[in-house]
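On a predicted model such as this, the values are computed, not experimentally measured, just so you know.
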Amino acid sequence: MKKYVAELIGTMILVLMGCGSAVFAGSVAGTVGAGVGTLGVALAFGLAVVAMAYTIGNISGCHINPAITLGVWLSGGMKPKRAMMYMLFQVVGAILGSLLLSLLVSTGTHGGPTTTGSNTFAPDCMMQAFIAELVFTFIFIFVLVVLGTTDEKKGAGNFAGLAIGLTLVLIHIVCIPITGTSVSPARSIGPALMEGGQAMEQLWLFIVAPLLGGALSALVWKYIKTE
């Protein structure tokens with residue numbers, strides 16, 4: 001249960017910090033206090049992952065993303081029951097993080113371009129969005145990978161958390177203009193439930209594409225991994 005609670009808290013903080021940066025400071029950076037822009041939001045997500053990796057990494061492995069859990073499961077890193085429980089608690093954590101953001105917005109003001117940090121794409125750009133989410137999730141979980149940098153024998157050791165966080169920053173810089181960057185079903189489910197409308201209608205893509213990317217990364221990693 002401690003592992004599941006750690007995943008819940010970690011995912012909640014990821015959504016609160018990452019989506020929160022877009023909600024309260026996501027406008028284009030200009031004068032002091034005007035906003036942080038794309039780079040700032042990307043750093044917020046990446047730094048949240050770095051912080052959680054060194055906080056709960058030794059407890060749960062710090063997946064805080066169902067696509068990562070799926071990749072670890074398919075690569076033989078955990079049993080199905082535990083993987084399902086990880087995913088459940090990650091989604092609950094993301095919903096709690098989104099509820100906190102909604103509470104903050106409803107009791108004051110916000111300076112970003114969004115009130116929830118939900119993921120959406122232009123109606124005529126569905127294929128672009130799907131490819132982006134699949135490919136960038138694959139890169140995140142592979143280069144990353146919680147499958148590569150945290151490999152017990154040849155991984156990055158104490159630098160794994162930093163490598164994973166910086167990979168997420170890089171991905172956000174490229175993908176934010178396309179979809180707002182999900183690469184995590186949980187990160188999209190929470191804000192979409194708060195937003196409704198288009199975010200809920202398009203939510204399927206931000207569940208299916210990242211999970212496919214996670215599965216693909218596991219298959220490729222198992223193929224090229226050296227003993």
Side-chain angles (χ1 to χ4, degrees), residues 1-15 45-46 48-94 130-171 175 181-189 204-227:
M1 182 57 69
K2 290 181 180 180
K3 294 179 183 291
Y4 304 146
V5 173
E7 286 295 305
L8 184 151
I9 294 173
T11 311
M12 180 187 73
I13 292 175
L14 173 67
V15 170
F45 273 102
V49 167
V50 171
M52 289 302 96
Y54 291 110
T55 302
I56 66 171
N58 64 335
I59 300 173
S60 68
C62 189
H63 295 187
I64 59 177
N65 180 342
I68 292 176
T69 299
L70 178 65
V72 173
W73 172 19
L74 293 179
S75 66
M78 66 193 313
K79 295 181 179 180
K81 182 180 178 180
R82 175 166 289 182
M84 292 296 103
M85 291 298 290
Y86 263 47
M87 294 179 188
L88 173 62
F89 276 78
Q90 289 158 2
V91 171
V92 173
F130 193 92
I131 293 172
E133 288 294 329
L134 189 154
V135 170
F136 289 126
T137 304
F138 170 83
I139 293 172
F140 178 45
I141 299 177
F142 179 72
V143 172
L144 153 119
V145 307
V146 175
L147 306 177
T149 57
T150 58
D151 181 84
E152 292 182 358
K153 296 180 179 179
K154 301 180 180 180
N158 291 333
F159 291 101
L162 183 60
I164 293 169
L166 290 176
T167 300
L168 189 60
V169 171
L170 178 62
I171 287 169
C175 196
T181 310
S182 170
V183 300
S184 167
R187 174 260 182 271
S188 293
I189 290 173
W204 68 269
L205 185 145
F206 299 104
I207 295 175
V208 175
L211 289 178
L212 286 176
L216 180 61
S217 70
L219 294 175
V220 174
W221 176 247
K222 287 185 70 174
Y223 176 73
I224 69 172
K225 182 180 180 180
T226 57
E227 297 297 334

Asks: When you measure from the side chain of Glu133 to the backbone of Ala209, do you find a donor-acceptor pair of N or O atoms at a distance under 3.5 Å?
Replies: no
Asks: Does the side chain to side chain contact (heavy atoms under 4.5 Å, CB included) test come out yes or no for Arg82 and Met87, once each step is laid out?
Replies: CA-CA 9 Å; Arg82 175 166 289 182; Met87 294 179 188; over 6 Å; no
Asks: Can you tell me how far apart OG1 (Thr137) and CZ (Phe206) are? Round to the nearest 0.5 Å.
Replies: 10.5 Å
Asks: Partners of Ala51 by side chain to side chain contact (heavy atoms under 4.5 Å, CB included), sequence neighbours excluded?
Replies: none
Asks: Taking side chain to side chain contact (heavy atoms under 4.5 Å, CB included) as the definition, give me every residue that meets it alongside Leu8, ordered by chain and number, with sequence neighbours left out.
Replies: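 Result, side chain to side chain contact (heavy atoms under 4.5 Å, CB included) vs Leu8: Phe89, Val92, Leu96.
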Asks: Let's go through Ile189 and Ile207 carefully: what are the C-alpha distance in whole Å and the side-chain angles of both, what is the deciding distance for side chain to side chain contact (heavy atoms under 4.5 Å, CB included) to 0.1 Å, and is it a yes or a no?
Replies: CA-CA 8 Å; Ile189 290 173; Ile207 295 175; 4.1 Å; yes
Asks: Where is the tightest heavy-atom contact between Ala83 and Thr69, given as atom of each residue plus distance?
Replies: O-CG2, 3.5 Å
Asks: Do Ile171 and Thr181 have side-chain heavy atoms sitting under 4.5 Å apart?
Replies: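 Ile171 vs Thr181: side chains touch.
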Asks: Got a second to check how far Leu134's CG is from Leu211's CG, nearest 0.5 Å?
Replies: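 Going from CG on Leu134 over to CG on Leu211, the span is 10.0 Å.
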Asks: Does Ser217 reach the main-chain N or O of Gly214 with its side chain, forming a donor-acceptor pair under 3.5 Å?
Replies: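 At least one qualifying donor-acceptor pair exists.
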Asks: Could you list the residues that satisfy ring pair (Phe, Tyr, Trp, His ring centres under 6.0 Å) with Phe45, not counting sequence neighbours?
Replies: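 With sequence neighbours excluded, Phe45 shows a ring pair (Phe, Tyr, Trp, His ring centres under 6.0 Å) to His172, given in chain and number order.
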Asks: Which residues satisfy the side chain to side chain contact (heavy atoms under 4.5 Å, CB included) test with Ala186, sequence neighbours excluded?
Replies: Thr11, Pro66, Gln90, Val91, Ala94, Ser184
Asks: Taking side chain as C-beta onward, heavy atoms only, is Asn65 less than 4.5 Å from Pro185?
Replies: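 Yes, their side chains come closer than 4.5 Å.
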Asks: Does Lys79 reach the side chain of Trp73, with side-chain heavy atoms less than 4.5 Å apart?
Replies: no
Asks: Could you walk me through whether Leu74 and Leu219 satisfy the side chain to side chain contact (heavy atoms under 4.5 Å, CB included) test, starting with their C-alpha distance in whole Å, then the side-chain angles of each, then the deciding distance to 0.1 Å, before giving a yes or no?
Replies: CA-CA 7 Å; Leu74 293 179; Leu219 294 175; 5.7 Å; no
Asks: Output the distance between atom CD1 (Ile68) and atom SG (Cys62), rounded to the nearest 0.5 Å.
Replies: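 If we round to the nearest 0.5 Å, Ile68:CD1 and Cys62:SG are 7.5 Å apart.
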Asks: Dump the intermediate steps for side chain to side chain contact (heavy atoms under 4.5 Å, CB included) on Leu212 and Phe130, then the final yes or no.
Replies: CA-CA 10 Å; Leu212 286 176; Phe130 193 92; 3.8 Å; yes
Asks: Are the side chains of Val183 and Ile139 in contact, using a 4.5 Å heavy-atom criterion?
Replies: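 The answer is no, as the side chains (C-beta and beyond) never meet within the 4.5 Å cut-off.
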Asks: If you take all heavy atoms of Leu14 and Ile64, which pair is closest and at what distance?
Replies: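 In this case the closest contact between Leu14 and Ile64 is CD2-O, 4.0 Å.
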Asks: With the side chain counted from C-beta on, respond yes when Leu88 and Tyr4 share a heavy-atom pair under 4.5 Å apart, and no when they do not.
Replies: no
Asks: With a 4.5 Å cut-off on side-chain heavy atoms, are Ile164 and Phe140 touching?
Replies: yes
Asks: Would you compute the distance between atom CD of Glu7 and atom CE of Met12 and round it to the nearest 0.5 angstrom?
Replies: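 These two atoms lie 13.0 Å from each other.
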Asks: Side chain to side chain contact (heavy atoms under 4.5 Å, CB included) with Ala6: which residues, sequence neighbours excluded?
Replies: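 Residues passing side chain to side chain contact (heavy atoms under 4.5 Å, CB included) with Ala6: Ile56, Ile59, Ser60.
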